[in-house]
Amino acid sequence: MSEYTVFKARKYEKEHKSQVSLDERPEFHVTGQIGWINDPNGFSLYKNQYHLFFQYHPYSTFWGPMHWGHVKSDDFIKWEELPVAIAPDQEYDGVGCFSGSAVELDDGRQLLVYTGVSRINKDEKDIDIQQQCLAVGDGTNYEKISNNPVITTDMIPSGNSKLDFRDPKIWKENGKYYLVAGNRSADGSGDILLYESDDAFKWKFCETIDKCENKYGKMWECPDFFELDGNEVLLVSPQDMEASEPEFHAGNGTLVLLGHKGENKRFVRESIRTVDYGLDFYAPQTLLTKDGRRVMIAWMQNWDTCNQNHEERNIYGQMTIPRELEIRNGRLCQMPVREIAKYYDEEYIYTAEPGSADVSFDGVKGRVFDMTVDIEKCGDSGNGEFTLKLAKSDKYETNLNINVLKETMTFDRSRSGGRRDIVSTRVCKIDQKDGKVSIRILMDHNGVEVFANNGEQTMSSMIYTPMKGDNICFCLSENISARVEFHKIKTR
Ligand code: FRU
């Protein structure tokens, strides 16, 4: 019998979640009830509500044997906490219930598809193998099926890795079920495998739809594959990327590949870009809403940057705001779900004058807001810079800098209160149009999400600034003016 059970985890959540203060818990971003979370899992519509599961280790603020935590929502903003869905309690998933996805079955049940990680002894060595497993439930309670795993390590192309085979993303199309999962070729590089099924229970391998060939990182984790605005879209989260600035940073990245369907359901790439240029963004997953919007959510953290300030926290890790996706001018654009506007509270509108240094405005303050700044070049002498200082106190500040002349956006959290010497700045290219750049900033306690030019580029990052750092200041060079529209958000 495993030491981890759903019963034990549910009891633990219930007994410990009151340790998390309202300051520590963001207002409208998903976190675990207690402890650590990483990837979003099972982001899907079930019985007309949006369900989100996530990689979860309730027992500490560090990664550990993976459970699936669970929340649901009617509008992506207010989430109802549900008890732990599954725990690593079987031989085939005793090392962890890794990432996966969910779908509503025709018989009204909800199906979870996840990676079961188990330890086996081979040639006198312990190794962890990864296989795909199912659980069915009613939206709260789930039972693993008796013939797990349903996609075994025998069902991968020969020579591929049995140790790295994970993160199934399921969908239904023309009466059939499909899923994509990440795997590794013999050379260690990522392969995206496609499987199909008539009933979602018996699966067969179809095709390797794309191969990383060690060009964009190595293993590709957490694939998602869908159609959007006439394009096939493949989202992947590569490990071990080498930097190729300014488009790709080193480490764990997130890529969006746009293309079309080729022979044998293969994916034919047309472009490849970073999904989000911030410091904390990984493993995005999407769903299709009732009204036909493709909405993406991601873990607002990254394996390379998730090592700071654990000791002062009871929850660690959160999701991004769900984002509506659209392809504009050959680029994946992301904007916060429109439902956020239902929670606007006080509104303030100001003009920031050219040459202002550290100016602040009445009401424009706090750590829970949605602010749009329309920046415009208004003269020739000056260096074209706009800088926003967020979560500012005497000791701390986080800077967002836009350079209209160089067409760059820079996020800098090096003075935000982090306690580890990890990467703290990120720069990305943005476009000015007739000297104009529009920036939207969504802040919720420790999370900052920036959307440039209606979501052409986004930057998501965590800051660990104490909540008393709540001032906002604006600095503009001589040739820059800005219109500021600030909405406080109130969900509690
Ligand atoms: C991505 C990932 C997945 C895996 C999960 C384990 O962040 O490494 O590939 O399923 O996290 O928690």
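Side chains included, hydrogens not; waters and symmetry mates left out as well; all remaining heavy atoms used. When a ligand or atom number is given, it counts from 1 through the structure's own listing order.
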Q: Classify the ring geometry between Tyr316 and Trp36 as parallel (under 30°), tilted (30 to 60°) or perpendicular (over 60°).
A: parallel
Q: For Thr398 and Phe411, work out which heavy atoms get closest and say how close.
A: CG2-CZ, 3.4 Å
Q: Ignoring hydrogens and angles, state whether a donor on the side chain of Asp191 or Asn160 is under 3.5 Å from an acceptor on the partner side chain.
A: yes
Q: Is it the case that Asp280 and Ser461 place a side-chain donor and acceptor less than 3.5 Å from each other?
A: no
Q: Will you find, in the side chains of Gln285 and Asp224, an N or O donor that is under 3.5 Å from an N or O acceptor?
A: no
Q: Which atom pairs, nitrogen or oxygen on both sides, join ligand 1 and the protein at under 3.5 angstrom?
A:
from: ligand 1; atom 1: 7 (O); to: Asp39; atom 2: OD1; distance (Å): 2.7
from: ligand 1; atom 1: 7 (O); to: Asp39; atom 2: OD2; distance (Å): 3.2
from: ligand 1; atom 1: 7 (O); to: Trp303; atom 2: NE1; distance (Å): 2.9
from: ligand 1; atom 1: 8 (O); to: Glu221; atom 2: OE1; distance (Å): 3.4
from: ligand 1; atom 1: 8 (O); to: Glu221; atom 2: OE2; distance (Å): 2.8
from: ligand 1; atom 1: 9 (O); to: Arg166; atom 2: NE; distance (Å): 2.8
from: ligand 1; atom 1: 9 (O); to: Asp167; atom 2: OD1; distance (Å): 3.4
from: ligand 1; atom 1: 9 (O); to: Asp167; atom 2: OD2; distance (Å): 2.6
from: ligand 1; atom 1: 9 (O); to: Glu221; atom 2: OE2; distance (Å): 2.9
from: ligand 1; atom 1: 10 (O); to: Ser99; atom 2: N; distance (Å): 3.1
from: ligand 1; atom 1: 10 (O); to: Asp167; atom 2: OD1; distance (Å): 2.6
from: ligand 1; atom 1: 11 (O); to: Asn38; atom 2: ND2; distance (Å): 3.3
from: ligand 1; atom 1: 11 (O); to: Asp39; atom 2: OD2; distance (Å): 3.1
from: ligand 1; atom 1: 12 (O); to: Asn38; atom 2: ND2; distance (Å): 3.0
from: ligand 1; atom 1: 12 (O); to: Gln55; atom 2: OE1; distance (Å): 2.7
from: ligand 1; atom 1: 12 (O); to: Trp63; atom 2: NE1; distance (Å): 3.0

Q: Which residue in the set Phe225, Phe201, Trp171, Phe205 passes ring-ring contact (aromatic ring centres under 6.0 Å, His included) when paired with Tyr195?
A: Phe205
